[in-house]
Amino acid sequence: MAKRTCIFFISLFLLSGSMAVSQDTVTVPLHLRAGFDLSGPVIKLVSNDLISYGVLGSADLHSSLSVTAGLRYSSFQSSQFIYDFKSRGTSIVAGVDYNFIKANVSYGKHYAGIGLRYGLSLYSEESSVVRYTNEWGAGEASLPLSRHLGHYLEITPGVRTELFPGVTIGWNLYMRLLISAGAGKDLKPVWMPGYGAATSGMATAAEYYVSFSIPYKKIRVIIRPKVQQSEGDEEEGENTQTTGTSPSGTGSRL
């Protein structure tokens with residue numbers, strides 16, 4: 001499915017140049033969209049360590065620009081030799097998406113672009129056992145339940161296409177940049193909901209969305225502006241015609 005989607009969008013880009021020449025303006029619908037992430041339930045089937053459910057909504061401002069917002073609930077647990085860790089919480093993202101496909105090719109149905117979003121993570125974490133070894137020996141400690149507010153940025157390239165009227169499918173790749181985990185300089189969480197492993201300043205992920213959309217407005221988009229001759233160009237053209245050669249091949253003379 002992912003391979004076919006990529007081939008489809010490559011074909012759209014190749015066709016966009018030739019199609020743009022054939023018309024000056026095009027009418028495209030602007031949509032409201034709401035979708036849910038299929039990758040979360042699939043991950044839940046594979047492993048119980050991570051539970052993640054997300055929804056995403058967007059509204060087209062123009063044929064190439066839309067605003068978007070998302071909500072996600074995540075729960076994570078991990079049992080390692082040196083610690084037992086749990087975290088859970090809700091993350092919120094908001095930003096804009098830019099579509100690189102021209103309006104006369106996308107028609108409000110197809111998207112291949114990139115987004116920039118700001119994210120907040122409201123989460124709690126705890127560690128019932130932390131095992132450590134130092135110069136005085138080995139021991140165990142624990143970190144009680146604590147609540148935090150994290151911040152991060154998302155850069156999200158992705159594609160989307162209409163499967164049926166009103167139903168679209170697509171995937172997003174995520175590169176997340178950590179601003180603050182909100183847990184202190186030396187207490188970065190093993191997993192921050194919405195972001196990922198906060199022990200690193202950058203995290204990556206991918207999500208696959210199915211969305212439902214409804215058009216709310218139609219706009220006309222200029223594809224190729226009309227070229228208008230100036231008065232000077234018109235006069236020059238007329239002078240060229242009147243001073244042309246005579247039928248005999250020589251200029252007219254008095």
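Counting from 1, the numbers follow the sequence of the chain as shown. Everything numeric here is computed off the predicted structure, so don't read it as measured data.
With sequence neighbours excluded, no residue satisfies side-chain contact (heavy atoms from CB on, under 4.5 Å) with Ser200. Every residue meeting the side-chain hydrogen bond (donor to acceptor under 3.5 Å, both in side chains) condition with Ser78, not counting sequence neighbours, appears here in chain and number order: Gln80. Remark: Leu145 pairs with Ser124, Glu126, Arg147 by the side-chain contact (heavy atoms from CB on, under 4.5 Å) rule, at least two apart or across chains. Taking the side-chain contact (heavy atoms from CB on, under 4.5 Å) definition, one finds that Ser39 meets it with Asp37, Glu207, sequence neighbours left out. Here Tyr118 pairs with nothing under the ring pair (Phe, Tyr, Trp, His ring centres under 6.0 Å) rule; sequence neighbours left out. For Thr27, the side-chain hydrogen bond (donor to acceptor under 3.5 Å, both in side chains) criterion is met by Arg220, not counting sequence neighbours. Applying the side-chain hydrogen bond (donor to acceptor under 3.5 Å, both in side chains) test to Asp84 and every residue at least two apart in sequence or in another chain returns Ser79. Contacts of Ala206 classified as side-chain contact (heavy atoms from CB on, under 4.5 Å), with partners at least two apart in sequence or in another chain: Leu173.
Hydrophobic side-chain contacts under 4.5 Å tie Leu178 into a cluster, directly or through other members, with Val93, Tyr123, Tyr152, Met192, Tyr195. Grouping Ile, Leu, Val, Met, Phe, Trp and Tyr residues whose side-chain heavy atoms lie under 4.5 Å apart, directly or via other members, places Leu56 in a hydrophobic cluster with Tyr174, Tyr209.
Side-chain polar atoms of Ser74 and Arg88 form no donor-acceptor pair below 3.5 angstrom.
For residues 166-175, the set of pairs meeting the salt bridge (charged side-chain N to carboxylate O under 4.0 Å, His left out) definition, not counting sequence neighbours, is empty. Listed by first and then second residue, the ring pair (Phe, Tyr, Trp, His ring centres under 6.0 Å) pairs that reach into residues 36-78 are Phe76-Trp191, sequence neighbours excluded.
Salt-bridge check for Lys217 with Asp60: failed, with every basic side-chain N at 4.0 Å or more from each acidic carboxylate O.
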task = Mind running side-chain contact (heavy atoms from CB on, under 4.5 Å) on Tyr98 and Ser64 for me, showing each step along the way?
result = CA-CA 6 Å; Tyr98 184 83; Ser64 59; 3.8 Å; yes

request  = Report the C-alpha distance between Met175 and Glu154 in whole Å, list the side-chain angles of each, state the deciding distance to 0.1 Å, and finish with yes or no for side-chain contact (heavy atoms from CB on, under 4.5 Å).
outcome  = CA-CA 6 Å; Met175 183 176 68; Glu154 281 186 349; over 6 Å; no

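Distance alone, capped at 3.5 Å, places no donor-acceptor pair between the Ser127 side chain and the Leu143 backbone. Looking at His148, its side chain does come within 3.5 Å of a backbone N or O of Gly182 through a donor-acceptor pair. Here the side chain of Arg176 pairs a donor or acceptor atom with the backbone of Gly194 at under 3.5 angstrom. A donor-acceptor pair under 3.5 Å is formed between the side chain of Asn99 and the backbone N or O of His110.
Separating the CG atom in Leu61 from the CG atom in Leu30 is a distance of 8.0 Å, to the nearest 0.5 Å. Taking CD1 of Ile51 as the start and OG of Ser75 as the end, the distance is 5.0 Å to the nearest 0.5 Å. Taking OG from Ser58 and CZ from Arg33, the interatomic distance works out to 5.0 Å, rounded to the nearest 0.5 Å.
A 4.5 Å side-chain heavy-atom check between Ile114 and Asp97 finds every atom pair outside the cut-off.
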